[in-house]
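Heavy atoms only: backbone and side chains are in, while hydrogens, waters and symmetry mates are out.
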Amino acid sequence: MSSSPYVGETDGSHINVEENDDLIDLEEMPTPGEATTTTKRMTRKRKFTSTVWNHFDILPEQPDKKRRCKCKHCGIIYLADSKYGTGNMKRHISTCVRKDMRDVGQLLINSGSMSLSGNKFDAETFRDLLTGAIIMHDLPFQFMEFEGIRAVLTYLKPDLHIVTRNTCKADCLKMFKREKQNIKSMLEVSPGRICLTSDCWSSLTTDGYICLTAHFVDKEWVLRKRILNFCYMPPPHNGISLSEKIHNFLCDWGIDLRVFTLTLDNASANDTCASLLKTQLLNKNGLVCGGKYLHMRCWAHILNLVVQDGLKCIDSCVTKIRECVKYVKGSHVRKQKFLECVAHSSLDSKKGLRQDVPTRWNSTYIMLESALYYRRAFMHLELSDSNFKHCPSRDEWEKVDKIKKFLALFYAITNLFSGSKYPTANMYFPLVVTAYLRMKDEVDGFDEYMSSMVAVMLEKFKKYWEDFNKVLAMAIIMDPRYKFHFVDWSYKMIYGVEMGKTKVEELRWDLKSLFDHYVDISQLTSKSTSLAPTIHNASESCLDNTSEDLMKVFVNILLVLYFI
């Protein structure tokens, strides 16, 4: 077949267009015997039909008149004229390092549906879709050997080669290795250091597991989160075993020299783990400022511990609310009777009662909130059901209402700290200071009931406040809405004027030391050293007024501090 279209008649009554993947220009050609007849140029465009155009964009025409296209993922440019074909672009798609950076379950899914982007059946694409479905839906490898599944697939395509469970297993491992390599490529080209979070988890069968997650900013300045490892953690779960496990993870991913912080909960084993890991990484000279910023305590977990201590002081009220919810949810008859009380009290039954998990205080807050909404229904149930004996008194309801209003702030802060798709380091200081000042006001207040509860919370809070990571205070300094003014005011409110000034000077010195660390790195990596003396001498004044010459070095600090 010819790759050029032609027009058969001068009146345009017969037009023959050949199949091609690319745009086709149609020019009206002179009819035999009428070569001198002037013709009008007309242009007709067809849609691209090749699947490669899902991954490439056509670029504007260049002076050399050659059509070019650019990869949507990595930006590489190819010639796109029809005479070059699409083979080179197809080969690039299979090896593009920027392709398929979504979650594994969505790798081969187009716009949330399992439909293919092309009309032609491709055995390799089918295998990839099958592998993605097995991973996404947690299907057994034996899935493809089910008789019913084989019958469906054979009906759709009689000559389909159906793979075995061993082949499915091999395909899943192949996809895992490909995705691991893609994440490694992202980590290699990210310009800043990497912040890690780790936690241990026990299954219902008491098997231990450990998870390691990386938080980093890619080369496009987009905040990324990737789970690097989730694997079996054999006993013992002490600090030595945990540090060895995490260190092996870091070496396997090749990021043992690029770690900035490691966020852990407040178990004693984690303190030992952070200390041992710090020693191991310092031996490789892989930490910033001697590793003083490595161990980051999880403040969502700290708030959980603080509030749990406070709730123990009012355990009787919380227990009564918990028993009320359990009683209503105990049988279908009780639920129906409670719904009648809800209707009689003109309340919305769709809001629902929530039962808490005692180890998670935020679920306790949600339970108290829902119970307070149905307070009148509970009171009505107490009058209509003689077996219901756990309803709090009016005074107890009032106490629960005060507690709920006080804990609302901590609930909002916990939700903000738990976010994973936006930066949270710049939120820490203002939110924690607000919580501290709120507790201090309650302790100094006239309500003895609330004062006694909050005093216990404040004592626990101060224990962890003294050991907080100063890099979180540095992050708020980088926020143009706060800078040093807010830190100075906060320290004076917490420590007093004189002690506050001392704390601010210590923080200023730590920030200068961190800045100088990046200046040293810049001097080593920069091709021109003429700017280095100027940068070093200006490190003091840059905290308040940063010149344009210092911005290249300062960007590295922003990458690490602002996007933890």
Side-chain angles (χ1 to χ4, degrees), residues 260-261 263 266 287-299 302-303 306 409-410 413 416-417 423-445 451 454-455 457-520 535-547 550-551 553-554 556-558 560-564:
F260 184 58
T261 63
T263 303
N266 297 282
L287 294 177
V288 174
C289 298
K292 65 188 300 184
Y293 305 118
L294 174 65
H295 188 193
M296 182 84 69
R297 296 185 182 274
C298 176
W299 267 88
I302 290 174
L303 288 179
V306 168
L409 173 64
F410 292 86
I413 292 174
L416 289 172
F417 281 171
T424 56
N426 62 316
M427 297 180 181
Y428 161 80
F429 206 83
L431 292 178
V432 170
V433 169
T434 301
Y436 173 83
L437 296 177
R438 178 66 188 277
M439 286 188 289
K440 192 174 180 181
D441 289 342
E442 288 291 341
V443 171
D444 297 336
S451 178
V454 179
M457 296 173 59
L458 188 60
E459 191 67 26
K460 174 76 77 171
F461 180 89
K462 287 181 178 178
K463 171 186 174 182
Y464 290 106
W465 171 260
E466 294 298 329
D467 194 31
F468 89 101
N469 197 319
K470 289 184 179 180
V471 76
L472 296 172
M474 297 178 191
I476 200 64
I477 296 170
M478 300 300 168
D479 193 325
R481 299 168 296 178
Y482 298 98
K483 300 189 83 65
F484 256 112
H485 301 293
F486 183 81
V487 176
D488 183 59
W489 175 83
S490 300
Y491 277 157
K492 288 178 180 178
M493 293 296 294
I494 295 173
Y495 298 108
V497 177
E498 294 301 324
M499 182 62 72
K501 288 182 179 179
T502 304
K503 292 288 185 181
V504 169
E505 289 304 316
E506 291 177 1
L507 179 62
R508 189 183 293 269
W509 176 258
D510 288 336
L511 182 56
K512 175 185 177 298
S513 300
L514 182 62
F515 183 86
D516 288 341
H517 172 82
Y518 280 94
V519 170
D520 294 338
I535 295 177
H536 188 73
N537 294 333
S539 61
E540 283 281 0
S541 60
C542 74
L543 299 178
D544 298 311
N545 300 297
T546 305
S547 64
L550 294 174
M551 287 307 295
V553 179
F554 209 60
N556 287 323
I557 298 179
L558 288 174
V560 175
L561 295 182
Y562 195 73
F563 291 98
I564 294 175

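Considering Phe461, Tyr464, Phe410, Tyr491 as possible partners of Tyr436, the one that fulfils the ring-ring contact (aromatic ring centres under 6.0 Å, His included) test is Phe461.
Closest approach of Leu511 to Met474, counting heavy atoms only: N-CE, 3.8 Å. Met296 approaches Asn469 most closely through the heavy-atom pair SD-CB, 3.6 Å. Shortest non-hydrogen contact noted between Ala435 and Ile413 is CB-CD1, 3.9 Å. Of all heavy-atom pairs between Met493 and Lys440, the closest is O-NZ, 3.5 Å. For the residue pair Leu472 and Phe429, the shortest heavy atom distance occurs at O-CB, 4.4 Å. Nearest approach of Leu507 to Phe484, heavy atoms of both residues: CD2-CE2, 4.5 Å.
Atoms CG and SG, on Leu294 and Cys289 in that order, are 12.0 Å from each other to the nearest 0.5 Å. Here His485 contributes atom NE2 and Ile476 contributes atom CD1; the two are 13.0 Å apart, rounded to the nearest 0.5 Å. In this structure, NZ in Lys492 is found 14.0 Å from CE in Met499, a value given to the nearest 0.5 Å. From Thr261, atom OG1 reaches atom CZ of Arg297 across 14.0 Å, with rounding to the nearest 0.5 Å. We find the CD1-CZ distance between Ile477 and Arg508 to be 8.0 Å, quoted to the nearest 0.5 Å.
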### Message
Is there a side chain to side chain contact (heavy atoms under 4.5 Å, CB included) between Thr502 and Glu498? Walk through the geometry before answering.
### Response
CA-CA 7 Å; Thr502 304; Glu498 294 301 324; 5.9 Å; no

### Query
Does the pair Phe260 and Val288 meet the rule for a side chain to side chain contact (heavy atoms under 4.5 Å, CB included), with working shown?
CA-CA 7 Å; Phe260 184 58; Val288 174; 4.0 Å; yes

### Query
Going through the distances and angles, do Thr434 and Arg438 end up as a side chain to side chain contact (heavy atoms under 4.5 Å, CB included)?
CA-CA 6 Å; Thr434 301; Arg438 178 66 188 277; 5.6 Å; no

#### Entry: Pair Phe468-Ile302, side chain to side chain contact (heavy atoms under 4.5 Å, CB included): steps then yes or no
CA-CA 11 Å; Phe468 89 101; Ile302 290 174; over 6 Å; no

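Side-chain contact between Arg481 and Asn426 is present, with heavy atoms from C-beta onward closer than 4.5 Å. Within the 4.5 Å cutoff, the side chain of Phe417 has heavy atoms near those of the Leu431 side chain.
Remark: Lys503 qualifies as a cation-pi partner of Tyr495 under the 6.0 Å distance and 45° angle criteria applied to the six-membered ring.
For Glu459, the CD atom counts as loosely surrounded, since its 6.0 Å shell holds 12 or fewer non-hydrogen atoms of other residues, nucleotides or ligands.
Salt bridge Glu466/Lys462: absent, no basic N to carboxylate O contact under 4.0 Å.
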